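This report refers to the structure that appears directly beneath it.
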Number of protein chains: 2
Amino acid sequence: MVRRRSSSRCDDGLVVPDATVGRLAVYLRALSALGEQGRATTSSEELAAAAGVNPAKLRKDLSYLGTYGTRGVGYDVAVLTDEIARVLGLTTHRAVALIGIGNLGHALADYAGFATRGFHIAALFDAAPVRIGTTVAGLVVRDVRDLGAVVLSERVSIGVIATPADAAQGVCDALVSAGVTSILNFAPVVLAVPSGVDVRKVDLSIELQILSFHEQRKAAGASLEAIG
Amino acid sequence: MVRRRSSSRCDDGLVVPDATVGRLAVYLRALSALGEQGRATTSSEELAAAAGVNPAKLRKDLSYLGTYGTRGVGYDVAVLTDEIARVLGLTTHRAVALIGIGNLGHALADYAGFATRGFHIAALFDAAPVRIGTTVAGLVVRDVRDLGAVVLSERVSIGVIATPADAAQGVCDALVSAGVTSILNFAPVVLAVPSGVDVRKVDLSIELQILSFHEQRKAAGASLEAIG
DNA sequence: AGATGTGAATAGTTTCACAGCA
DNA sequence: TGCTGTGAAACTATTCACATCT
């Protein structure tokens with residue numbers, strides 16, 4: 001992941017720390033759930049519990065956006081939902097290109113969460129002749145060699161790479177050449193990109209290894225207790 | 001994700017910060033690649049470049065494990081690989097249970113990265129009668145109602161939840177009841193777990209929303225430049 | 001000479017505790 | 001009164017710069 005600063009000045013001149021941006025999306029989901037339940041207002045305590053954070057952190061996070069609560073009362077669910085969606089840039093519609101239609105790519109193409117809130121998958125790509133031309137999630141899989149042209153014609157603003165590791169850098173370079181500056185990478189490689197391009201990485205085996213570390217620590221603690 | 005402390009005392013009494021643990025897995029992958037290329041030694045500069053971090057950070061991270069480099073020379077690739085694998089607990093074999101064999105679960109079951117380095121998928125579960133009994137990635141999908149019994153018989157130490165959001169908490173509770181203390185959650189919900197249970201969360205739509213935020217910021221910056 | 005290992009400085013994040021306002 | 005908003009304090013992480021060792 002590329003990160004040169006740990007906070008970002010957004011549209012309105014607001015400065016929002018990175019750690020906060022990551023949690024805003026979580027708050028947004030919790031707010032949507034409250035809204036669906038018919039709740040009109042909520043408190044920092046309730047919303048924080050739903051998001052799995054401490055209430056003080058929630059209030060601090062929201063304070064970076066401005067003043068949207070009412071002291072003694074709480075937050076208006078609809079107002080806060082709209083404000084967070086706006087700050088996250090979800091009021092602008094964004095076209096996503098998904099490259100690599102193997103098992104994972106297939107799952108991502110079908111994943112409902114992708115289609116919600118301001119995103120839509122505009123095109124699917126693969127390099128394998130056997131996949132090109134097939135229909136997945138209602139879209140025809142295109143030849144990855146057409147990536148540049150389609151990115152321009154469909155105004156793709158985010159690229160999602162779900163290719164094998166050895167193809168990822170080539171795809172990334174093609175995306176960057178076509179002007180894409182936001183990439184979500186599922187391939188287990190560190191992508192090299194010019195400055196100004198944001199890469200976020202999701203790596204399943206790394207998540208497992210982190211769990212393994214903690215699991216081992218817990219086992220060691222249990223042994224020590226048994227001995228002592 | 002549950003985190004009560006931001007660093008963890010491991011097996012040897014070493015204290016390793018959380019941020020470092022997450023990067024050790026990245027270094028391990030870079031080291032494996034160097035090893036496959038036949039490199040016997042490397043430097044903090046080379047390894048840091050391969051891992052996408054700054055060399056000082058790499059050296060600081062490795063310093064938490066002990067002294068494994070040689071001043072003026074660098075690091076022995078094989079020695080450092082083994083040491084990181086040991087600290088991450090990858091020398092112990094861990095059984096993983098995967099619950100929810102929809103598109104994503106199917107992709108995860110087939111994902112090679114899951115099977116490497118100390119992990120193996122011991123069992124697959126689903127709640128849908130149409131899926132129970134089918135074979136996926138060489139394993140028969142079992143009824144999620146048998147989860148508790150199988151976790152015990154197969155000595156499952158990590159649970160991976162790839163169910164729809166509304167099923168996730170129930171599955172989580174069943175895992176915890178059966179004694180599982182490490183969970184990787186792909187469902188878009190915040191799981192409630194007792195203390196002592198680690199949950200890590202992978203959320204695709206949150207990653208997209210973070211990219212959206214930065215994309216918007218870049219667009220705003222470009223507009224300001226055009227005006228100014 | 002050359003690269004590691006690390007104390008010190010800097011930067012970023014979380015939590016506390018309470019002032020301030022409805 | 002009750003809950004938000006926020007300075008200040010505490011904690012964590014990153015980076016620098018150089019002493020240290022081969």
Side-chain angles (χ1 to χ4, degrees), chain A residues 1-9 14-24 26-27 31 34 39-77 79-80 83-84 87 210, chain B residues 1-9 14-27 31 34 39-77 79-80 83-84 87 210 214:
Chain A
M1 177 182 18
V2 174
R3 187 71 8 102
R4 279 159 304 284
R5 280 178 295 282
S6 74
S7 60
S8 299
R9 185 173 300 275
L14 298 174
V15 173
V16 185
D18 269 359
T20 294
V21 173
R23 285 187 298 262
L24 288 177
V26 179
Y27 303 155
L31 281 165
L34 286 170
R39 300 290 308 277
T41 63
T42 187
S43 65
S44 64
E45 193 168 336
E46 181 181 55
L47 188 53
V53 304
N54 150 333
K57 191 192 284 187
L58 174 89
R59 293 199 301 274
K60 187 64 129 184
D61 283 341
L62 296 182
S63 78
Y64 295 116
L65 312 187
T67 298
Y68 291 92
T70 307
R71 291 173 202 237
V73 179
Y75 302 92
D76 182 288
V77 170
V79 168
L80 193 53
E83 173 58 16
I84 294 178
V87 168
I210 294 170
Chain B
M1 176 179 26
V2 174
R3 187 73 6 103
R4 279 158 304 284
R5 281 177 294 282
S6 74
S7 60
S8 299
R9 185 173 299 275
L14 300 175
V15 173
V16 185
D18 268 0
T20 294
V21 173
R23 287 187 297 262
L24 288 177
V26 179
Y27 303 156
L31 281 165
L34 286 171
R39 302 293 306 277
T41 63
T42 187
S43 64
S44 64
E45 193 169 333
E46 181 181 55
L47 187 53
V53 302
N54 149 334
K57 190 191 284 187
L58 174 88
R59 293 199 301 275
K60 187 66 128 182
D61 283 340
L62 296 183
S63 77
Y64 295 117
L65 312 188
T67 298
Y68 291 92
T70 307
R71 290 173 203 239
V73 178
Y75 301 92
D76 181 288
V77 171
V79 167
L80 192 55
E83 173 57 16
I84 294 177
V87 168
I210 294 170
H214 288 106

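Any value given below was found using the heavy atoms of this structure, including those in side chains, with hydrogens, waters and symmetry copies removed. Just so we're on the same page: letters track the sequence lines, and every chain starts at 1. Note that the structure is predicted; figures quoted are calculated from it, not measured.
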Could you state the [atom1]-[atom2] distance from [X] to [N], rounded to the nearest angstrom?
| X | N | atom1 | atom2 | result |
| --- | --- | --- | --- | --- |
| B:L65 | C:dT6 | CG | P | 11 Å |
| A:K60 | D:dA10 | NZ | C1' | 13 Å |
| B:K57 | C:dG12 | NZ | P | 12 Å |
| A:R59 | D:dA8 | CZ | C1' | 15 Å |
| A:D18 | C:dT14 | CG | C1' | 15 Å |
| A:N54 | D:dT4 | CG | C1' | 14 Å |
| B:D76 | C:dA3 | CG | P | 17 Å |
| A:Y75 | D:dG5 | OH | C1' | 7 Å |

Distance, nearest 0.5 Å, that separates [atom1] of [X] from [atom2] of [Y]:
| X | Y | atom1 | atom2 | answer |
| --- | --- | --- | --- | --- |
| A:Y75 | A:R39 | OH | CZ | 14.5 Å |
| A:L14 | A:S7 | CG | OG | 11.5 Å |
| B:R59 | B:S43 | CZ | OG | 9.5 Å |

Are [X] and [N] close enough that a side-chain N or O sits under 4.0 Å from OP1 or OP2?
| X | N | value |
| --- | --- | --- |
| B:S63 | C:dG5 | no |
| B:Y64 | D:dT12 | no |
| A:S43 | D:dG2 | no |
| B:S44 | C:dT4 | yes |

Is there side-chain contact between [X] and [Y], with heavy atoms separated by less than 4.5 Å?
| X | Y | result |
| --- | --- | --- |
| B:L47 | B:L80 | yes |
| A:V53 | A:V26 | no |
| B:T41 | B:T70 | no |
| B:L62 | B:I84 | yes |

Contact residues, residues 66-74 of chain B to DNA chain D [heavy atom, < 4.0 Å]: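 Only B:T70, B:R71 qualify.
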
